K.L.:
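Okay, here's the structure, questions in a sec.
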Amino acid sequence: MKNSGKTEGREAVQVYVSAPDGKLEKPELELKAFGKTKELKLKPGKKENLTFEIDAKDLTSFDEDLSAWVVEKCTYIEETRQKLAFAQWEQG
């Protein structure tokens with residue numbers, strides 16, 4: 001994350017996953033990871049990397065037919081959302 005604004009600020013990032021072509025019943029979007037910049041007041045022009053790991057366990061759903069938690073074979077889509085706090089931000 002880069003603070004491209006003119007004021008100090010903090011950033012919160014949320015990572016959501018969806019499986020639109022899956023056969024199991026799931027929410028449209030599921031929050032799988034979140035974090036915020038460590039610097040309470042990241043200065044304008046400064047960057048901070050945020051890293052998120054999502055593994056297979058995070059993608060499991062309960063299959064009632066199998067009575068088990070499974071990772072469904074389908075396409076998973078990741079979506080990142082940001083919450084700004086007193087600054088203007090760029091990803092990258």
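Numbering of residues begins at 1 and proceeds along the displayed sequence. On a predicted model such as this, the values are computed, not experimentally measured, just so you know.
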K.L.:
Give me the atom names and distance for the closest heavy-atom approach of Pro44 to Gly5.
P.N.:
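Heavy-atom minimum between the residues: CB-O, 3.2 Å.
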
K.L.:
Could you tell me which non-hydrogen atom of Lys43 sits nearest to which non-hydrogen atom of Glu8, and how far apart they are?
P.N.:
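Closest approach of Lys43 to Glu8: NZ-OE2, 3.0 Å.
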
K.L.:
What closest approach, in Å, do Thr60 and Lys57 show between heavy atoms, and which atom pair accounts for it?
P.N.:
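Scanning both residues completely, I find the closest heavy atoms to be OG1-O, 3.0 Å.
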
K.L.:
At their closest point, which heavy atom of Gly22 faces which heavy atom of Glu72, and how far apart are they?
P.N.:
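What the structure gives for the nearest pair is C-OE2, 3.3 Å.
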
K.L.:
Apply the test side-chain contact (heavy atoms from CB on, under 4.5 Å) to residues Val71 and Tyr76: give CA-CA distance (whole Å), side-chain angles for both, the deciding distance (0.1 Å), then the verdict.
P.N.:
CA-CA 11 Å; Val71 176; Tyr76 290 88; 3.9 Å; yes

K.L.:
Under 4.5 Å between side-chain heavy atoms, hopping through other hydrophobics if needed: is there a path connecting Trp69 to Leu59?
P.N.:
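The answer is no; the residues belong to distinct hydrophobic clusters.
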
K.L.:
Atom CD of Glu28 and atom CD of Glu79: how far apart are they, to the nearest 0.5 Å?
P.N.:
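One gets 9.0 Å once the value is rounded to the nearest 0.5 Å.
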
K.L.:
What distance do Leu42 atom CG and Thr37 atom OG1 have between them, rounded to the nearest 0.5 Å?
P.N.:
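That separation rounds to 6.0 Å.
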
K.L.:
Once you round to the nearest 0.5 Å, how far does CG of Asp65 lie from NZ of Lys23?
P.N.:
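If I round to the nearest 0.5 Å, the distance is 12.5 Å.
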
K.L.:
Kindly give the heavy-atom pair with the smallest separation between Ala33 and Phe52, and that separation in Å.
P.N.:
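That would be CB-CD2, 3.7 Å.
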
K.L.:
Working note: Val13 + Glu11, criterion side-chain contact (heavy atoms from CB on, under 4.5 Å); need CA distance, chi angles, decisive distance, verdict.
P.N.:
CA-CA 7 Å; Val13 177; Glu11 175 75 5; 3.8 Å; yes

K.L.:
Using the test salt bridge (Lys or Arg N to Asp or Glu O under 4.0 Å), find all partners of Lys32 that sit at least two apart in sequence or belong to another chain.
P.N.:
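If we apply the salt bridge (Lys or Arg N to Asp or Glu O under 4.0 Å) test to Lys32, skipping adjacent residues, the hits are Glu30.
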
K.L.:
Between Ile77 and Val17, is the side-chain contact (heavy atoms from CB on, under 4.5 Å) condition met? List the steps.
P.N.:
CA-CA 6 Å; Ile77 299 172; Val17 173; over 6 Å; no

K.L.:
Quiz question: by atom type and distance under 3.5 Å, do the side chains of Glu78 and Thr80 form a donor-acceptor pair?
P.N.:
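Present: a donor and an acceptor within the cut-off.
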
K.L.:
If two hydrophobic side chains count as joined below 4.5 Å and joins carry through other members, does Phe34 share a cluster with Leu50?
P.N.:
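No, Phe34 and Leu50 fall in different hydrophobic clusters.
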
K.L.:
What are the two closest non-hydrogen atoms of Asp21 and Thr75, and how far apart are they?
P.N.:
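Asp21 and Thr75 have their closest heavy atoms at OD1-N, 3.2 Å.
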
K.L.:
Run the numbers on Lys36 and Arg10 for side-chain contact (heavy atoms from CB on, under 4.5 Å), then give the verdict.
P.N.:
CA-CA 7 Å; Lys36 55 188 168 185; Arg10 193 164 196 189; 3.7 Å; yes

